[in-house]
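Numbered from 1 within each chain, the chains take letters A, B, ... in sequence-line order.
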Number of protein chains: 2
Amino acid sequence: MATYEYPRPALTVDCVVFGLDDEGLKVLLIRRGLAPFKGRWALPGGFVRVEETLDEAALRELREETGLKKIFLEQLYTFSAVKRDPRERVISVAYYALIKLSDHRVQAATDADDAAWFRLDAVPELAFDHAEILEVARDRLKGKVRYQPIGFELLPEKFKLSQLQELYEQILGRELDKRNFRKKFLSFGIIQELEEREQGLPGRPARLHRFDAKAYRKLLEQGFHFEL
Amino acid sequence: MATYEYPRPALTVDCVVFGLDDEGLKVLLIRRGLAPFKGRWALPGGFVRVEETLDEAALRELREETGLKKIFLEQLYTFSAVKRDPRERVISVAYYALIKLSDHRVQAATDADDAAWFRLDAVPELAFDHAEILEVARDRLKGKVRYQPIGFELLPEKFKLSQLQELYEQILGRELDKRNFRKKFLSFGIIQELEEREQGLPGRPARLHRFDAKAYRKLLEQGFHFEL
DNA sequence: ATATATTTGTGTTGGTTTGACACGCTAAGG
DNA sequence: CCTTAGCGTGTCAAACCAACACAAATATAT
């Protein structure tokens, strides 16, 4: 029990978790077991504890939901409409996360039937103001991906350039020219060409690449500006 | 008095208020009258009431501090370090505001001696984590000014192109070429050339201009993308 | 074995945008 | 009337961007 001189809003974090698989870009949702909005899909999230930062709260929730550590996570926006939670005043700090669906299978999330991945064009009706939060997250991702190399957070360690291009097309919502895309991206010097090639698929085998974080940091220090 | 099952952090808003005068870009600070950090300069701000949104809280604080309405105001980031307030757990949602120092004299703020404008290169030591908040605000402004025409919020209704250019130079922290700047900015078609000219100063009188919000909105709908 | 389907990888060109750069014009002030 | 201060303007070379098609390497089907 805690007592204060003035009433305080409750504080939660909600996470928009993006993942990529062969069907495209997806978002992780959880089915609510309790009122309000019982049975509705919602963003994973929960209350902030008084002894943790918001980042810690978001990471904790994500660990609890997905079993993952080392996730790319950024604060998105703080939502504060007075009636956004019908029970009482709840202010929510939204985060968005990018995870490599390819590497780690997301555990609790996928085999429990109360959590699932949804394609961004097939998201069901959401609880609270979560549709709005998701919208803001998509816009942020779309904006950010153009001037920060965060797309790699969604791809496996080693990837084909065609995967990278498809990812960008998904996020930006438009098609890109293959030759121009390759030319431009390679010219940055932030991805390494590996000798390895992907085999077992029809078509000419693709050379694999890897994001070179070290080279990127070095370029950043020299005032390099990544763009598109 | 309010009682809750679990302890809750307190919630505040803090505002980074930018203004422009003939000495350059400035930020509004308030001298604290109470502990902690008594006597130190700090960002204006205060506690969020339980029946208002964060935007409303920020606007209310700004009205109380500066007497201004119709201010450009945007949420910046939510700061949550556990020890950021030595008294108790306080989470602060930071906003930044741009105001036309030229038009409206800021009342309570300027004649009270417990509030003052500081040049960005001469900001005193600040209370709490406000130095960090200010830093984030500067970065945001610097980033945002390049792809959204928010600089006008700092200028008078009618302005000279040289003022606009100086503003951009201040925010971006580098010099710009006069001819290229004019060419580019005028090519967007979002500022109107007025017939009026500024008089009374030495040198050839400058033609005045005005931001054309209507034209800007129209261009936006057509997918226009402002940049630099 | 051969043919077919699939996916990768590669260059050029014309148009557009950017960045560098210098001087005459018009007013105020002495 | 002369000086000083600030405004307003155009060109050119270099860099960048968008559009465009076909051969190479593999898997699969027949």
Side-chain angles (χ1 to χ4, degrees), chain A residues 21-24 102 145-147 155-156 158-170 172-210 219 222-228, chain B residues 20-24 145-147 155-156 158-170 172-210 219 222-228:
Chain A
D21 69 11
D22 45 352
E23 292 175 331
S102 47
V145 87
R146 297 192 48 215
Y147 61 93
L155 292 176
K158 300 171 182 179
F159 53 85
K160 304 184 283 183
L161 282 182
S162 58
Q163 289 177 282
L164 185 63
Q165 181 177 345
E166 270 168 46
L167 170 59
Y168 272 78
E169 289 178 340
Q170 295 253 350
L172 297 176
R174 65 193 160 95
E175 302 207 326
L176 302 171
D177 178 85
K178 181 165 58 158
R179 278 175 286 192
N180 294 337
F181 180 82
R182 288 172 168 252
K183 211 185 316 169
K184 180 145 200 182
F185 226 115
L186 290 173
S187 76
F188 294 144
I190 61 174
I191 54 182
Q192 298 177 317
E193 292 196 329
L194 305 177
E195 285 312 313
E196 241 171 304
R197 277 147 216 279
E198 183 170 67
Q199 307 237 327
L201 293 172
R204 177 171 171 177
R207 163 167 246 147
L208 293 179
H209 294 74
R210 181 197 286 154
L219 285 170
Q222 295 164 21
F224 160 80
H225 183 66
F226 175 88
E227 179 116 22
L228 216 173
Chain B
L20 183 74
D21 69 11
D22 45 353
E23 291 175 332
V145 87
R146 296 193 47 217
Y147 61 93
L155 291 177
K158 300 171 181 178
F159 52 85
K160 303 184 283 181
L161 282 182
S162 59
Q163 288 177 282
L164 186 61
Q165 181 177 346
E166 269 168 47
L167 170 59
Y168 272 79
E169 289 177 341
Q170 294 254 350
L172 297 177
R174 64 191 160 96
E175 301 209 325
L176 303 171
D177 179 85
K178 181 164 58 157
R179 279 174 289 191
N180 294 336
F181 180 82
R182 289 171 167 252
K183 212 186 315 170
K184 180 145 201 184
F185 225 115
L186 290 173
S187 77
F188 294 145
I190 61 174
I191 54 181
Q192 300 176 317
E193 292 196 327
L194 304 177
E195 284 313 313
E196 241 171 305
R197 278 146 216 280
E198 184 172 66
Q199 308 237 328
L201 293 171
R204 179 171 168 178
R207 164 165 244 149
L208 293 179
H209 293 74
R210 180 198 287 154
L219 285 169
Q222 296 164 22
F224 161 80
H225 184 66
F226 176 88
E227 179 118 23
L228 219 171

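- Across all non-hydrogen atoms, the minimal contact from A:Lys158 to A:Gln163 is O-OE1, 4.5 Å.
- Paired with A:Glu198 under the rule salt bridge (Lys or Arg N to Asp or Glu O under 4.0 Å), one option of A:Lys160, A:Arg207, A:Arg204 passes, and it is A:Lys160.
- Evaluation of atom-type donor-acceptor distances gives a pair under 3.5 Å for the side chain of A:Lys183 against the base of C:dT12.
- Going from atom CG of A:Asp177 over to atom C1' of C:dG9 covers 13 Å, rounded to whole Å.
- Using a 4.0 Å cut-off, no side-chain N or O of B:Lys178 falls inside it from OP1 or OP2 of D:dC7.
- In this entry the distance linking CG of A:Leu228 with C1' of D:dC17 reads 11 Å, nearest Å.
- Checked by distance alone, B:Arg204 brings no side-chain donor or acceptor within 3.5 Å of a matching partner on the base of C:dT26.
- Taking every side-chain heavy atom of B:Arg179 into account, C:dA22 is the closest of C:dG9, C:dG19, C:dA22.
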**Message:** Please evaluate residues A:Gln165 and A:Glu169 with respect to the criterion side chain to side chain donor-acceptor pair (under 3.5 Å), reporting the C-alpha separation (whole Å), side-chain torsions for both, the decisive distance (0.1 Å), and the verdict.
**Reply:** CA-CA 6 Å; A:Gln165 181 177 345; A:Glu169 289 178 340; 3.1 Å; yes
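- A:Leu201 comes within 4.0 angstrom of sugar-phosphate atoms only, judged by non-hydrogen atoms across all strands, and of no base.
- Atom-to-atom, CZ of A:Phe159 to P of C:dT7 comes out at 20 Å; the value is rounded to the nearest Å.
- We find that CG of B:Asn180 is positioned 13 Å from P of C:dA22, with the value rounded to whole Å.
- Computed from coordinates, the B:His209 NE2 to D:dC7 C1' distance equals 11 Å when rounded to whole Å.
- Residue A:Pro202 places its side chain closer to D:dA27 than to any other of C:dT8, D:dC7, D:dA27.
- OP1 or OP2 of C:dG9 lies within a sub-4.0 Å distance of a side-chain N or O belonging to A:Arg182.
- Residues B:Leu228 and B:Arg174 approach most closely at CD1-NH2, 4.1 Å, considering heavy atoms.
- Atom CD in B:Glu193 sits roughly 11 Å away from atom C1' in D:dG8 (whole-Å rounding).
- One interatomic measurement links the two molecules: CG of B:Leu186 to P of D:dC7, which rounds to 14 Å at whole-angstrom precision.
- Among all heavy-atom pairs drawn from B:Phe188 and B:Leu219, the shortest one is O-CD1, 3.3 Å.
- We find that CD of B:Gln199 is positioned 10 Å from C1' of C:dT26, with the value rounded to whole Å.
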